[in-house]
Amino acid sequence: MRIALNLKGITPDEVIDVNLMQGKQREDAFRKINPMMALPALIEDDGTVLFESLAILEYLDETHPNPPLLPKEPKARARVRGLAQIIACDTHPLIVPRVREYLAHQYKVDEAGVLKWGHHWHVEALKALETNLSTSKQTGRYCQGDQITIADICLAGQAAGSTYFKVDLVPFPTVKRIVDSCMQNDAFARAHPLKQPGAPAAA
């Protein structure tokens, strides 16, 4: 969401840090905002709470259409949504803190095992993305031609998680090339998780 806000030149009135690693999303204050206890959430001026990353991205694109984050052509739009959903729907839900904590607490999986779990699903997503991107004529500088889309936003998030799960992007050259292109854009660079409030000081 931060990337989309940056791309569209939207400055939120307030940014509230909810530290996932400290479990702040499970506190009553945030549960009232999103009972699923998941980030991000966007609260509009009229009190409307928007949740789920892809829904928020499309809302921002509909209400602030420039620059567009979805192609106009229906098949291209479907492809972009599909690439984004590989990450946001098929992969990310398997490796978020609540899943890792459940594996550790309920099934007594040790830290190495939890990391191996996350590494596996992270790599599976990258394999699928690399195949899709490297074999399609629609892939350009970015996931879909030369225009940044929600697929690139999701891909940047996947790449940011690669460090945590000790995944090397080198075996996925098309993914890495697109991520590198994205990170040359200030909107992506400023939104990197390690540049946000609450990020590890060593970063």
Side-chain angles (χ1 to χ4, degrees), residues 1-13 15 34 36 38-94 96 121-122 124-162 169 172-193 195-196:
M1 182 174 75
R2 288 188 296 264
I3 296 171
L5 292 172
N6 290 344
L7 286 169
K8 292 177 179 293
I10 304 170
T11 302
D13 292 334
V15 177
N34 185 4
M36 192 62 186
L39 295 173
L42 178 65
I43 305 174
E44 285 289 68
D45 292 339
D46 63 359
T48 300
V49 177
L50 304 175
F51 47 89
E52 294 297 337
S53 296
L54 294 181
I56 293 172
L57 288 177
E58 293 211 29
Y59 168 79
L60 290 173
D61 204 38
E62 290 167 355
T63 56
H64 299 80
N66 291 307
L69 296 178
L70 282 168
K72 291 183 178 180
E73 199 276 316
K75 289 180 182 177
R77 289 169 75 91
R79 179 174 181 269
V80 165
R81 287 181 170 125
L83 291 169
Q85 287 177 23
I86 287 175
I87 299 164
C89 302
D90 288 341
T91 309
H92 188 68
L94 295 171
V96 292
W121 292 115
H122 204 83
E124 288 301 300
L126 289 170
K127 287 178 181 176
L129 290 162
E130 179 66 26
T131 300
N132 275 293
L133 293 168
S134 65
T135 60
S136 174
K137 293 179 180 179
Q138 296 181 65
T139 303
R141 182 180 182 192
Y142 301 109
C143 289
Q144 182 70 30
D146 296 329
Q147 176 69 40
I148 291 171
T149 66
I150 62 172
D152 301 292
I153 293 174
C154 291
L155 192 67
Q158 182 79 3
S162 294
L169 292 182
F172 312 102
T174 313
V175 168
K176 187 177 186 306
R177 175 183 63 75
I178 293 172
V179 169
D180 289 346
S181 292
C182 289
M183 295 312 296
Q184 292 173 14
N185 186 304
D186 182 64
F188 282 80
R190 286 189 290 118
H192 194 283
K195 293 187 177 181
Q196 306 314 307

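Any value given below was found using the heavy atoms of this structure, including those in side chains, with hydrogens, waters and symmetry copies removed.
Residues K8 and D61 are in side-chain contact: their nearest non-hydrogen atoms beyond the backbone lie under 4.5 Å apart. Within the 4.5 Å cutoff, the side chain of Y59 has heavy atoms near those of the L42 side chain. The shortest side-chain heavy-atom distance between I153 and R2 does not fall under the 4.5 Å cut-off. A 4.5 Å side-chain heavy-atom check between I87 and L129 finds at least one atom pair inside the cut-off. By the 4.5 Å heavy-atom criterion applied to side chains, L7 and N185 are counted as neighbours. Within the 4.5 Å cutoff, side-chain heavy atoms of D45 are placed close to those of D13.
The shortest non-hydrogen separation linking M183 to A189 is CE-CA, 3.7 Å. Here the closest heavy-atom approach between residue N34 and residue A38 is recorded as ND2-O, 2.9 Å. Scanning both residues, P93 and C89, for their nearest heavy atoms gives CG-O, 3.3 Å. For the residue pair V175 and L126, the shortest heavy atom distance occurs at CG1-CD2, 4.0 Å.
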- For the pair L133 and F172, evaluate side chain to side chain contact (heavy atoms under 4.5 Å, CB included) and give the outcome as yes or no after the intermediate values. CA-CA 10 Å; L133 293 168; F172 312 102; over 6 Å; no
- Could you walk me through whether L155 and I178 pass side chain to side chain contact (heavy atoms under 4.5 Å, CB included), step by step? CA-CA 8 Å; L155 192 67; I178 293 172; 3.7 Å; yes
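A search for side chain to side chain donor-acceptor pair (under 3.5 Å) contacts involving E124 returns K127, not counting sequence neighbours. Looking at residues two or more places apart in sequence or on another chain, you find a side-chain contact (heavy atoms from CB on, under 4.5 Å) between S53 and P40. For Q138, the side chain to side chain donor-acceptor pair (under 3.5 Å) test picks out Q144, with sequence neighbours left out. Partners of D186 under the side chain to side chain donor-acceptor pair (under 3.5 Å) rule, at least two apart in sequence or in another chain, are R190. Residues passing the salt bridge (Lys or Arg N to Asp or Glu O under 4.0 Å) test with E130, sequence neighbours excluded: none. With sequence neighbours excluded, the residues forming a side-chain contact (heavy atoms from CB on, under 4.5 Å) with A55 are E52, listed by chain and number. For D90, there are no side chain to side chain donor-acceptor pair (under 3.5 Å) partners at least two apart in sequence or on another chain. Shown here are the side-chain contact (heavy atoms from CB on, under 4.5 Å) partners of I43, two or more places apart in sequence or in another chain: I33, V49. Residues satisfying the ring-ring contact (aromatic ring centres under 6.0 Å, His included) criterion with H122, sequence neighbours excluded, are F165. Residues passing the side-chain contact (heavy atoms from CB on, under 4.5 Å) test with T48 are E44, D46, L50, sequence neighbours excluded.
Rounded to the nearest 0.5 angstrom, L54 CG and C154 SG are separated by 5.0 Å. A distance of 11.0 Å separates CG in L60 from CD1 in I150, rounded to the nearest 0.5 Å. With values rounded to the nearest 0.5 angstrom, W121 atom CH2 is found 6.0 Å from L94 atom CG.
Note on residues 66-81: pairs passing salt bridge (charged side-chain N to carboxylate O under 4.0 Å, His left out), not counting sequence neighbours, are E58-R81. Residue pairs that meet the salt bridge (charged side-chain N to carboxylate O under 4.0 Å, His left out) test with at least one member in residues 135-151, sequence neighbours left out, do not exist here.
Remark: the backbone N or O of C143 is paired with a side-chain donor or acceptor of D152 at under 3.5 angstrom. The main-chain N or O of L169 is never found under 3.5 Å from a side-chain atom of K176 such that the two would form a donor-acceptor pair. For T91 (side chain) and I86 (main-chain N/O), a donor-acceptor pair under 3.5 Å exists by modelled atom type. The backbone N or O of Q158 sits less than 3.5 Å from a side-chain atom of S162, completing a donor-acceptor pair.
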